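Labels below follow one simple rule: chain letters A, B, ... track the order of the sequence lines, proteins then strands, and each chain is numbered from 1. All values reported here derive from a predicted model rather than from experimental measurement. The figures here come from the full heavy-atom set of this structure, side chains too, leaving out hydrogens, waters and symmetry mates.
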2 protein chains.
Amino acid sequence: MGKAVGDRGGVVPLLAEAFRECGFEGASLSVISQRTGLGKGSLYNFFPGGKEEMGAAVLAAIDAWFEAEVFAPLRAAGDPRAAITAMRAAVDAYFRSGRRVCLVGAFALDNVRERFPGQVRDYFAAWRDALAGMLERGGVAAPEAREAAEDALIQVQGALVLCRALDDPEVFTAGLARMEQRLMTLL
Amino acid sequence: MGKAVGDRGGVVPLLAEAFRECGFEGASLSVISQRTGLGKGSLYNFFPGGKEEMGAAVLAAIDAWFEAEVFAPLRAAGDPRAAITAMRAAVDAYFRSGRRVCLVGAFALDNVRERFPGQVRDYFAAWRDALAGMLERGGVAAPEAREAAEDALIQVQGALVLCRALDDPEVFTAGLARMEQRLMTLL
DNA sequence: CGCGCCCTGTACCAATCAGTACAATTGTAC
DNA sequence: GTACAATTGTACTGATTGGTACAGGGCGCG
């Protein structure tokens with residue numbers, strides 16, 4: 001019956017949004033089918049592994065986005081202060097000022113974490129290491145850089161949780177601003 | 001067939017642990033029945049409203065615990081620095097140094113949030129207000145106190161997420177220590 | 001024009017879901 | 001001891017779950 005989507009690449013963002021809004025367990029195949037406009041046949045054609053493979057593909061896509069837009073810029077040589085501001089801007093844009101949830105963080109809290117153990121850990125480890133490396137190049141000692149990087153990630157994730165809980169986007173924006181400011185004072 | 005548990009009060013902690021480990025949607029009635037040792041008959045006898053009522057009861061119990069062990073001590077007059085240390089200790093004990101998840105935070109990220117909107121928001125709002133009030137009594141101006149309180153909650157929730165993601169309890173402990181230190185420097 | 005391969009909708013599957021009904025059994029009050 | 005009510009296991013419901021099978025239709029290549 002013809003083709004609607006060239007490759008599975010175009011479907012992944014729709015999958016991601018479905019997982020974000022309904023959770024991994026909550027996103028049943030019927031809602032996935034509805035959101036993507038694809039029947040079960042197509043879904044299992046693109047993702048023979050079922051929901052498991054869909055989840056892995058979504059996590060991989062998220063990781064790829066952050067790798068290109070956040071991690072790589074952090075690793076590149078350049079003004080550390082500008083890099084921090086750029087990271088803040090990219091994160092704020094990605095999470096739509098708190099209106100969007102971090103799927104990786106949600107997976108980490110949920111039990112689904114045990115289904116994608118490597119991908120969840122690697123995402124945060126890569127972020128932390130890239131940020132810590134940049135701070136080191138800015139003159140921060142290794143242990144302090146690592147702690148500051150972890151702290152920054154904690155603030156992003158915590159701000160997303162509290163922002164959703166209080167239903168107040170301002171909480172996320174203010175949290176990100178504090179994160180940026182704290183990183184700046186280290187340099 | 002006799003009675004096994006006097007009132008439903010004794011069941012709630014078991015329910016909470018089941019929700020924490022499996023998530024709200026993931027905790028099916030069969031696993032709940034297994035974890036609590038109660039058949040469906042008993043469960044629906046104690047909670048006629050089904051899972052919805054179980055979730056509400058668990059949230060209420062968590063709120064009651066924090067109200068007694070964390071919020072009330074914060075509201076009570078006393079040395080602010082000692083109050084902060086006590087809060088840190090209570091939180092660390094409750095979350096078992098990061099091995100336990102914050103169910104309210106998990107609900108906030110998940111879509112289940114929409115089923116218990118008031119309870120999730122009230123829990124965090126009560127915590128924030130109690131902490132901010134204590135800081136004000138310690139001499140911190142109202143806006144700064146509120147911001148610092150929000151920041152502390154962010155750090156707790158973020159530390160829980162990152163701790164689970166990296167599977168490293170040290171992340172939670174270190175995050176809590178930073179939270180305590182930052183509050184201290186305000187006083 | 002025709003062949004063949006990918007794509008896709010539909011029907012179907014066993015398993016499990018939350019929830020209901022009810023009869024059996026127990027503890028308790030008298 | 002007896003009656004009553006609360007408690008509980010079991011069987012059952014209809015709906016939905018993730019996943020499979022397959023036949024048919026559309027497109028590219030020759």
Problem - Length of the NZ-P vector between Lys40(A) and dT8(C), whole Å - result: 16 Å
Practice task
Determine the interplanar angle of the Phe172(B) and Phe95(B) rings, folded into 0 to 90°, and report it as parallel if under 30°, tilted if 30 to 60°, perpendicular if over 60°.
Solution key: perpendicular
Exercise for the section: Using the side chain to side chain contact (heavy atoms under 4.5 Å, CB included) rule, pick out the option among Val161(B), Val156(B), Val171(B) that qualifies with Ile154(A). Expected result: Val171(B)
Problem - Short side-chain N/O contact from Ser28(B) to OP1 or OP2 of dC17(C), under 4.0 Å - result: yes
Problem - Closest to side chain of Tyr44(A), choosing from dT8(D), dT17(D), dG19(D) - result: dG19(D)
Fill in the blank from the handout: Separation of dT16(D) atom C1' from Glu25(A) atom CD, nearest Å, is 15 Å
Practice task
Choose from dA11(C), dA18(C), dT8(C) the nucleotide whose nearest atom is closest to any side-chain atom of Asn45(A).
Solution key: dT8(C)
Problem - The single option from Met179(A), Met184(A), Glu180(A), Arg178(A) passing side chain to side chain contact (heavy atoms under 4.5 Å, CB included) against Arg182(A) - result: Arg178(A)
Practice task
From the options dT17(D), dT8(D), dT10(C), select the nucleotide whose nearest atom is closest to the side chain of Ser42(B).
Solution key: dT8(D)
Handout entry: Nearest-Å distance for atom pair CG/P, residues Leu38(A) and dC6(C)
Key = 18 Å
Exercise for the section: Kindly calculate the angle separating the two end axes of the helix from dC7(C)-dG24(D) to dC30(C)-dG1(D), each obtained from five base pairs, and round it to 10 degrees. Expected result: 10°
Completion exercise
note: Leu29(A), atom CG; dT16(C), atom P; distance rounded to Å ~ 16 Å
Problem - Test item: Ser33(B) side-chain N/O and Leu38(B) main-chain N/O as donor-acceptor pair under 3.5 Å - result: yes
Exercise for the section: Calculate the interatomic distance between Leu43(A) atom CG and dC6(C) atom C1'; express it in whole Å. Expected result: 16 Å
Handout entry: Nearest heavy-atom neighbours spanning Glu25(A) and Lys51(A)
Key = O-NZ, 3.7 Å
Exercise for the section: Whole angstrom is fine here: how far is it from CZ in Phe47(A) over to P in dC6(C)? Expected result: 18 Å
Problem - Ring geometry between Phe24(A) and Phe116(A) (parallel below 30°, tilted from 30 to 60°, perpendicular above 60°) - result: perpendicular
Handout entry: Nearest-Å distance for atom pair NZ/P, residues Lys51(A) and dG19(D)
Key = 8 Å
Problem - Interatomic distance where CD belongs to Glu52(A) and P belongs to dG19(D) [whole Å] - result: 8 Å
Exercise for the section: Decide if atom CD of Gln34(B) counts as having more than 12 heavy atoms of other residues, nucleotides or ligands within a radius under 6.0 Å. Expected result: no
